[in-house]
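Values below: every heavy atom of this structure, side chains too, minus hydrogens, waters and symmetry copies.
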Amino acid sequence: MSDFASKAKVLRDGQKPEFPSNANTLEYAQSLDAQDKLRHFRDEFIIPTRASLKKKALDGIIPGAQTNGTITDADTPCIYFVGNSLGAQPKAVRRFLEAQLETWASIGVNGHFSSLSNSPLTSWQDMAADCAAKSAAIVGAADPSEVVIMNTLTVNLHFMLASFYRPTDKRHKIILEWRPFPSDWYAFQSQIEWHGLNPEKSMVEMQPDENLYLSTEKILATIDEHAEDAALLLLPGIQYYTGQLFDIPRITKYAQERGIVVGWDLAHCAGNVELQLHDWNVDFAVWCTYKYLNGGPGSMAGAFVHERHGKVDMSSGKPVFKPRLSGWYGADKSVRFNMDKEFQPTPGAQGFQVSNPSAIDLTSLAAALSVFNKTSMKDLRSKALVLTAYTEHLLDEIVRRQPEGEEPAFKIITPRDPLQRGTQLSLLLRDGLMDTVAAALEAHGVVCDKRKPNVIRVAPVPMYCRFEDVWKFIEIFEAAIRG
Ligand SMILES: Cc1ncc(COP(=O)(O)O)c(C=O)c1O
């Protein structure tokens, strides 16, 4: 078994792999890249270059496509460790968009129901379902009908809450975590108020320990405490700030056994970690597609509705289904264009669709998902486990090299257990370091995410990042913290 494969295996078992004494050499990083069977996927992406990042005006040059044939330092791809915020552009996006623009220009309105034979696209009517089919394995749906691609994440959260958060006098609380993404917080707050309730009485915030870790035990204890009055538990699969991955199946089962509906915000999980939403019996989930899924800025979002909630019973002659906020695109295709007044939803998650979706937006997402469909989440996760463990190892080496007695320049606040995190590592910097570190990273072409006052989030995503990038990042980062 190769060094790479044996490390992936150890990590999959939740253990820490051993790295050799030469792990901090460029040669070692390159040897891991050489063993990486997903390394060719990098060619499917456009990585901004050090020059392109400084661009101030359009010049028709796509980063990485040299104009004069010589590769200069400026053409060097940057270290793009920000796939947890906005994924890099898949080359397929341009191709798919060009096909879409030609389709629209050539056949106009007929594109709703026809597609051109050599196009990578379906008719516009079928594009959302096509993207759902391309997403099903990524989130572990039993069938594409459990997935709908529509709107954006927060909008989908509101639509799902409209169906799944049905507070009563007795059960009205939402269990959430200490630091939900602000948009989720606003959604919970406004939904509670929409029902005429008081957010202060209907929100249960779980606090982490002093290391910002929220243990499963604490979550289960909170569920027990609110077993009689909680209507819903909604957590992020991965906490955006610390990078902690929660035990989705265990928490879901425990809460459901106590009569609580369970939803997940998978913004930081989709395309990052393996998910089995159907088998885990999750009631519903929402995610965005611009981070790990690389669909483009503000690209259309996804929602999962477990098949048991998507049933449409026609036995009485009238459709009976889970209440929702409806629109004509949730109506079954067989009756959608009858333009009558009775809403008969498409069975499954797609019956939660509301409007005619943007075919242009779906095109970009279809292109991004087509790259995912050339591999599997299992393989991507295996690589991510090794990439992140390697990053962690080299970061720990930096701390070990610091002079004795000196306060460590940073602390990794993401769980050390590889199975309790995704790709991202969050680094809490010593007070006063943020500005110099941020400036040095930028000057050396490292793109990563800064959360003021003191946290940088580093995500070497497996689709297009290399071990060599990690090695270079460490060199730049270490020089930055040394000043
Ligand atoms: C965890 C989480 N939830 C919600 C959102 C909001 O997403 P949107 O603006 O697509 O609604 C984000 C955006 O980054 C996020 O990270």
- Item | ring-ring contact (aromatic ring centres under 6.0 Å, His included) between F188 and Y165, intermediate numbers included | CA-CA 10 Å; F188 300 147; Y165 176 55; 8.7 Å; no

- Give the C-alpha distance, both sets of side-chain angles, the deciding distance and a yes or no for side chain to side chain contact (heavy atoms under 4.5 Å, CB included) between D449 and S85. CA-CA 7 Å; D449 180 89; S85 184; 4.0 Å; yes

- Show your reasoning for whether side chain to side chain donor-acceptor pair (under 3.5 Å) applies to H268 and N84. CA-CA 7 Å; H268 290 265; N84 58 334; 5.2 Å; no

- Task: Any chance you could lay out the side chain to side chain donor-acceptor pair (under 3.5 Å) test for Y329 and Q350, step after step, and finish with the verdict?
- Result: CA-CA 8 Å; Y329 263 67; Q350 286 162 37; over 6 Å; no

- Message: Working note: L176 + W185, criterion side chain to side chain contact (heavy atoms under 4.5 Å, CB included); need CA distance, chi angles, decisive distance, verdict.
- Response: CA-CA 9 Å; L176 50 133; W185 176 271; 3.7 Å; yes

- Query: Where do E228 and R258 land on the salt bridge (charged side-chain N to carboxylate O under 4.0 Å, His left out) test, with the steps shown first?
  - Reply: CA-CA 8 Å; E228 302 296 320; R258 281 145 190 83; over 6 Å; no

- Message: Using ring-ring contact (aromatic ring centres under 6.0 Å, His included), reason through F304 and H278 one step at a time and then give a plain yes or no.
- Response: CA-CA 9 Å; F304 168 90; H278 177 85; 7.3 Å; no

- Test side chain to side chain contact (heavy atoms under 4.5 Å, CB included) applied to V305 and F164, step by step: CA-CA 10 Å; V305 177; F164 286 91; 4.1 Å; yes

- Message: Using side chain to side chain donor-acceptor pair (under 3.5 Å), reason through T103 and W124 one step at a time and then give a plain yes or no.
- Response: CA-CA 10 Å; T103 306; W124 303 333; 5.8 Å; no

- Task: Take R308 and N281, measure what side chain to side chain donor-acceptor pair (under 3.5 Å) needs, and give me the verdict at the end.
- Result: CA-CA 9 Å; R308 68 186 183 284; N281 204 37; 2.7 Å; yes

- side chain to side chain contact (heavy atoms under 4.5 Å, CB included) assessment of L235 paired with I219: CA-CA 10 Å; L235 290 177; I219 297 172; 4.1 Å; yes

- Test salt bridge (charged side-chain N to carboxylate O under 4.0 Å, His left out) on K134 and D130 and set out the steps. CA-CA 6 Å; K134 289 183 162 88; D130 178 55; 2.7 Å; yes

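Distance check: F45 CZ to Q89 CD gives 10.0 Å after rounding to the nearest 0.5 Å. Here the CD1-CG distance, from I174 to L233, works out to 10.0 Å after rounding to the nearest 0.5 Å. To the nearest 0.5 angstrom, F352 atom CZ is 10.5 Å from F284 atom CZ. With rounding to the nearest 0.5 angstrom, the OG1 atom of T414 is 10.5 Å from the CG atom of L428. One distance of note links CG of L86 with OG of S299; it measures 8.0 Å at 0.5 Å rounding.
Atom CG of D313 has more than 12 heavy atoms from other residues, nucleotides or ligands within 6.0 Å. Enclosure of atom OH in Y186 is not indicated, since only 12 or fewer non-hydrogen atoms of other residues, nucleotides or ligands lie within 6.0 angstrom. The local environment of CH2 in W280 is crowded, with over 12 non-hydrogen atoms from other residues, nucleotides or ligands closer than 6.0 Å.
S119 places a side-chain N or O within donor-acceptor distance of the main-chain N or O of L121, the cut-off being under 3.5 Å. Side-chain atoms of D13 never come within 3.5 Å of backbone atoms of V10 as a donor-acceptor pair (strictly under, hydrogens ignored). Counting only distance, with no hydrogens or angles, the side chain of K218 and the backbone of Q207 share a donor-acceptor pair below 3.5 Å. A distance-only check finds no donor-acceptor pair linking the side chain of T423 to the backbone of P460 [under 3.5 Å]. Proximity of a side-chain donor or acceptor of S52 to a complementary backbone N or O of P63 within less than 3.5 Å is not detected. Of the possible donor and acceptor atoms, none in the side chain of R457 sits under 3.5 Å from a partner among the backbone N and O of S426. Remark: the backbone N or O of V109 is paired with a side-chain donor or acceptor of H112 at under 3.5 angstrom. At least one donor-acceptor pair under 3.5 Å links the side chain of D143 to the backbone N or O of S145. Side-chain atoms of S163 come within 3.5 Å of backbone N or O of P323 as a donor-acceptor pair. At least one donor-acceptor pair closer than 3.5 Å links the side chain of S364 to the backbone N or O of G295.
Judged by the 6.0 Å distance and 45° axis criteria, K9 is not positioned over the aromatic ring of F4. Judged by the 6.0 Å and 45° rule, R250 forms no cation-pi pair with Y254. Cation-pi geometry between R42 and Y464 is not satisfied (NZ or CZ under 6.0 Å from the ring centre, within 45° of the ring normal).
Looking at S135 and W287, their side chains never bring a donor and an acceptor atom within 3.5 Å of each other. Between the side chains of S123 and S115, no donor-acceptor pair is found at a separation under 3.5 Å. Residues D247 and T216 bring no donor and acceptor atom of their side chains to less than 3.5 Å of each other. Counting only N and O atoms by type, the side chains of S355 and Q353 include no donor and acceptor under 3.5 Å apart.
Electrostatic pairing of R12 and E274 counts as a salt bridge here, judged by a charged N lying under 4.0 Å from a carboxylate O. Using a 4.0 Å cut-off between charged side-chain N and carboxylate O, D417 and R421 make no salt bridge. The pair K253-E257 meets the salt-bridge criterion, with a side-chain N (NZ, NE, NH1 or NH2) lying under 4.0 Å from an Asp/Glu carboxylate O.
Here the rule is salt bridge (charged side-chain N to carboxylate O under 4.0 Å, His left out) with D229, and of K201, K170, K173 only K173 fits it. Residue F473 forms a ring-ring contact (aromatic ring centres under 6.0 Å, His included) with just one option from Y390, F81, F467, and that option is F81.
Ring centroid separation for the pair W328 and F337 comes in under the 6.0 Å cut-off. Aromatic pair F181/Y241: ring centres not closer than 6.0 Å.
Residues in residues 205-214 take part in no salt bridge (Lys or Arg N to Asp or Glu O under 4.0 Å) pair, two or more places apart or across chains. Residue pairs satisfying the side-chain hydrogen bond (donor to acceptor under 3.5 Å, both in side chains) criterion with at least one member in residues 187-200, sequence neighbours excluded, are listed as follows: H158-Q191.
Between C288 and L153, the shortest heavy-atom distance links the atoms N-CD1, 3.6 Å. Residues P144 and A133 approach most closely at CB-CA, 3.7 Å, considering heavy atoms. In plain terms, the two heavy atoms of D283 and I260 that are nearest each other are OD2-O, 4.5 Å.
In this structure, Q15 and L11 have side chains that are not in contact, with every pair of non-hydrogen atoms separated by 4.5 Å or more.
Partners of R336 by salt bridge (Lys or Arg N to Asp or Glu O under 4.0 Å), not counting sequence neighbours: none found.
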